[in-house]
Colleague: 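Starting off with a structure, shown below.
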Amino acid sequence: MDIDPLFDLSRSEALLARAKDVIPGGVNSPVRAFRSVGGTPPFMVRGEGPWIFDEDGNRYADLVLSYGPLILGHAPKAVRDAVSDALGRGSAFGAPTTAEIELAETIRRFKPSVEQVRLVNSGTEATMAAIRLARAATGRPCILKFDGNYHGHGDSFLVKAGSGALTQGAPDSPGVPKEVAGLTLVATYNDLASVEALMATRGSDVAAVIVEPLAGNIGCVLPVPGFLEGLRTLCDRHGSLLIFDEVMTGFRVARGGCQELWKVRPDLTCMGKVIGGGLPVGAYGGRRDLMQRVAPVGDVYQAGTMSGNPLAVAGGLAMLRTLEATNAWRTLEDAGAYLQAGLENILDSLGIPGQVPRQGSMLCLYFSDKPCTTLAEVMATDRARFTAFFHGMLRRGVFLPPSPFECWFLSTAHDDAALDHVLDAARSALRDTMSTAV
Ligand SMILES: *Cc1c(COP(=O)(O)O)cnc(C)c1O
C-alpha cells in the first residue's frame, strides 16, 4: 500500500500552532501531543465506526478509540440515541435518577465482586477515592503500586508512573510532595518476589495493593501465571486490601474484566472508560462492608457535582447493554486474533523481530525478539523503529497510539475492511522501517 499522495496535515499544523498559544502544548492530555514520536497530531473532526477523519480530510482506521472507551466504534447508534434522548430531558439534576440504579445493577451483574458501586467522572477520581477508602478501612497510611502501572494523575500515583509520565522520561512529577510520594511503595509488575519483599518489611503499613491486572499503560503486558493469585494471598496474609484498577480492562477483555478471566476477586475495583459509553464516567466499588464506609452512609468523604450525570449514565448503560445483547466479546476476540495473526505473519515474512501480545481486543506491537513481561523488558524494545513504523502507519491512514507504551484497541465496528486496511498499511510501513530504522 502506497503512502496516500494527498496526505497532508497543514490544517492541523496551523491549528496546533494556534492551540499552543492558549492551551499548554496545544492539548488537554499530554500523550495527544505526539511528544514521544514527534510530528503533528491530526486534529480530528468526526468518527464513524472504525474510522476517524481529521481537519485535512484524511481518513484513518482508528486503533486509539479515545484510549479505550469506544468499544462499539465511533458514534454507535445505540449510544447516540440513548444520549440524545437523555439530553432532551435535561443534562443534570443534582438529584438521584433511575438510570444510575440501572447502571449500578448492570455493573454488579457483570462483576459480582462489586457489591456496591459509586459513580464518579473519571478513572483518576475512581483510583483516588478507592485508596482513600482503603486507608480509612485499614487505618494504614501506605499503598503499594507497580512500576509502569498507571492509575491516573493523582499525587499518590505519580511515583514512577507509566504512560504519559513514562514517555516523558520523568519518573516523578514536580508538585508531588516527597512526603506524599513516600507513602507509595513501588514493586515490579509480574514479579511476586518484589511484592513479598516489600510486604515482609512494610506489610503492616500497607492499606492496599493497587494493580492493573493486565498492564495496559506500557503497551499490553499480561499477568504471568500465579501473579494475581499471589497478590491476593499476600494481601490476605498482611491484612491489606487488593484493588484492581480495571479502568481500561473492565468491560473490555471480558464481560467481567480481568477478575473474571483470571478468577481473582479483588476487594475494590476501579472502573472507567468503557462504562461511560464515550462520555466521562468512572466508578469504584467492591465489598459491601467497605462501600458502606463511603459518605453519606459512612464517614469517608467523596462527592461530585457531575457524578452519575444523566448523559454519561445513559451512554454507559446503552453501551453495556449492547455489548451484552450482541455478545460483543466474541466478535472482539475474533477481530483481535485476526489482527494479531496478520501482524505476526508480516513480521515473520519480513524477518523483523516483533511481539504482538494480546488479550481480546487489546494488543500492541513491541519491536523485540522476545516476549515482554516486565517494564524493563518493555523499555528495552526498539523504540526508534516504533517511531518510524508509527509515522508510516499514519501516512497510510492508520491512527495508532503515538507511543510504544500505549495499548491498541479494537471495536466491534472493526470489520474485515478496516482490519485488512490496517494489515496492508502495516506490511508496507514495516517494510519501510527496514531501510529507515536503526
Ligand atoms: C486511563 C486509566 C486511568 C485514568 O483514567 P482517566 O479517566 O484518564 O482519569 C486509570 N487507570 C487505568 C488503568 C487507566 O488505563
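For this chain, numbers begin at 1 and follow the sequence in order. Every number for a ligand or one of its atoms is a count from 1 in the order of the listing.
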Colleague: As a quick check of understanding, evaluate side chain to side chain contact (heavy atoms under 4.5 Å, CB included) for I243 and I143, giving each step before the final call.
Modeller: CA-CA 10 Å; I243 305 175; I143 59 162; over 6 Å; no
Colleague: Are F146 and F227 close enough that their ring centers fall under 6.0 Å?
Modeller: yes
Colleague: Would one find more than 12 heavy atoms of other residues, nucleotides or ligands at under 6.0 Å from atom CZ of R80?
Modeller: yes
Colleague: Please output the residues near ligand 1 using a strict heavy-atom distance under 4.0 Å, listed in chain and residue-number order.
Modeller: S122, G123, T124, Y150, H151, G152, E212, N217, D245, V247, M248, K273
Colleague: Just wondering, are more than 12 heavy atoms of other shown residues or ligands nearer than 6.0 Å to CG in D21?
Modeller: no
Colleague: With under 30° as parallel and over 60° as perpendicular, where do the rings of F110 and F251 fit, or are they tilted in between?
Modeller: tilted
Colleague: What closest approach, in Å, do R118 and P296 show between heavy atoms, and which atom pair accounts for it?
Modeller: NH2-CD, 3.7 Å
